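Presented below is the structure to which this report refers.
In this chain, numbering begins with 1 at the start of the sequence shown. Just follow the structure's listing: the first ligand is 1, and inside any ligand the first atom is 1. Just so it is clear, the structure is predicted and the values come from calculations on it, not from any experiment.
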Amino acid sequence: MNERDSERVAAWLTREGHVPSADESGADLIIINTCSIRKKAEDKVYSLVGRLEKEKQKRPRLILAVAGCVAEQEGENLLRRFPGLNLVFGTHQVGRVAGLVAKAQAGERISLVGPLPDADRLAGYLPFHRAPGVSTFVTIMEGCDNWCSYCVVPALRGRELCRPPEEISGEIRSLVEAGYREVTLIGQNVNSYRSGNGLSFPGLLKLAAGIPGVSRLRFATSHPKDLSPELIRAFAEIPNLARHIHLPAQSGSNRVLAAMNRRYTREDYLDKVERLRAACPDIAITTDMIIGFPGEDEPDFRQTMDLLEKARFDGSFSFVFSPRPGTRAADLPGPVENADGKRRLKIFQDRQDEITEEINRALVGRVHEVLIEGINPRPCAGKCASLSGRTSGNKIVHLPGSLDLIGKITPVRITEAAIHSLRGTIEDNLVSPEPGPKEAKC
Ligand code: SF4
C-alpha cells in the first residue's frame, strides 16, 4: 500500500513539473513515506528525519516532508520535534501534495492530517503513473473496518471505501497498454470489497482477469473471516489468477485470537486452508504471525506452533508484538517478557524456515510457469542466473536467459531450491511465442 501511495505522490508532483532525482544528494525535496504498524518502523522514521535534518544544515533550500501513517498519527508533534521539517501530511492528503509542497517552498511549515469526506478520499487517484516494470499494484479500496485490537490502520486510514469497478478496470487497461503484465489488486482487506452496485471481490477478480493482456492477477491482503466459498472457487475457475494467497492468521490460540478481535477461531482458519487446498492443490499459502501478544502463555504459543504444523505455510512474516499508541491491545494486561517473545519468535521462525525449505525442495524437477520480471538484482560470478521471475505461487526464481523474455510467462524447470528463492532452466520445447495465461493447474 505504501509503495503505491509513494507512486501516487510522485504522480501528483510530476504533473506539477517536479522531476525525480537520481539520488538523495541531488534532491531539493525529500518526502519520507512512513509506516507505523510496528514501533521499529516508526523509530526508523525518526532516525532518518534526524539524519536528514543534519544534511539540511549544509543544504538550507532542501524541503523535508513526512507523509503516511506516522504523519497521520503524530501531526504537529513532528514539526515540534524536528525544527528542520517543513511539511507533514497524512494518509488522506496525497491528492493535495503539490499545493502543500508549493507552500513549503514559499516558507510555510505545515501539518495537514485528519479524515476527508469519502468523495475527496477517492479523488486522490490519478489515472496512471508508475515506475516502469512488469508487475504493478492497483488500489481497489482504502481503509479498514475491522478494528483488530493491536492495529492502528482503521484509526489512521479511515473506514473502508471501495473504488468503482469501472475506474479500476480502466486503470488496469491503461497499465496493460503501457506494457505491464501482472497486476496486484491491493487494499487492507480486499475480500470485503463491494462496489456501490453490489459487485463482490470475486466478481471484481473475474472482471480484472478478463481484461486482455493481464497475464497474471494477484491480490493482497485478505482477512480470513471474509474468505468466501466464492473466492475459494475463484482459484479453480480463473486461469490467470495466481495460485497464492496471503492469509494472515496472527495466532493459533483461540484465546489470543479473541483478544485480538480477529473474529475467527483456529478451527475456522484451518477449515479455510483445507478448502483452499481442496479447490486448488498447488496453492501457496503465506501468513502473518504476531508472537508474544499480551496474555499469550506457553500453551497459547504451542497452539500457534500446532497451527503452523497443520497449515504448513509456504512462508510467513512474523514479529514480536509491538504495542501501538491508541490501540486497545496497548492497554491489555499480561505483557509478555521481551526475552520470552524473542525466544518464541525464534522457535517459530526456525520451524517456518524448515517447512519453507521442504516445500521448495519438493518443487525441484517440476516445470513452473514463471513470469520473468527482470534482471537478477544480485547476479554472482560463474554459473549464476541473469534473470529473475516469479512462479504463480509467488516463489522467486533465478534463471539464465535472454532479456527478451522479460514480461513473458515462461516454462521453467526448477533445478535448485533454498528458503528464499529457486533456480531453474527454461524448458525450450515448451516456450510459447506469446505471453499470456496458460492452463489452470487446479
Ligand atoms: S484487518 Fe488488517 S488492517 Fe484491518 S484492523 Fe485488522 S490488522 Fe489492521
**Q.** Cut-off under 2.8 Å, centre atom 6 (Fe) of ligand 1, protein N/O/S atoms
**A.**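 For atom 6 (Fe) of ligand 1, the protein N, O and S atoms that sit under 2.8 Å away are Cys148 SG.
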
Q: Take Asp288 and His246, measure what side-chain hydrogen bond (donor to acceptor under 3.5 Å, both in side chains) needs, and give me the verdict at the end.
A: CA-CA 8 Å; Asp288 296 335; His246 187 71; 2.8 Å; yes

Q) Going through the checks in order, is the salt bridge (charged side-chain N to carboxylate O under 4.0 Å, His left out) test met by Arg343 and Asp340? A) CA-CA 5 Å; Arg343 175 181 51 79; Asp340 284 335; 3.3 Å; yes

Q. Does Arg96 make a cation-pi contact with Phe89 (under 6.0 Å, within 45 degrees of the axis)?
A.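 The answer is no, since Arg96 fails at least one limit relative to Phe89.
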
Q) Could Arg38 and Phe319 be counted as a cation-pi pair, given that NZ or CZ must be under 6.0 Å from the ring centre and within 45° of the axis? A)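 Yes, Arg38 sits over the ring of Phe319.
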
(Q) Is a donor from one side chain sitting under 3.5 angstrom from an acceptor on the other, for Glu142 and Gln188? (A)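 Not at all, the side chains of Glu142 and Gln188 share no donor-acceptor pair under 3.5 Å.
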
Q: Identify the protein heavy atom lying closest to atom 7 (S) of ligand 1, giving its residue, its atom name and the separation to 0.1 Å.
A: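 Its nearest protein heavy-atom neighbour is Tyr150 OH, 3.4 Å.
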
Q | Close aromatic pair by centroid cut-off 6.0 Å: Phe301 and Phe348 | A |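 Not under 6.0 Å, so no.
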
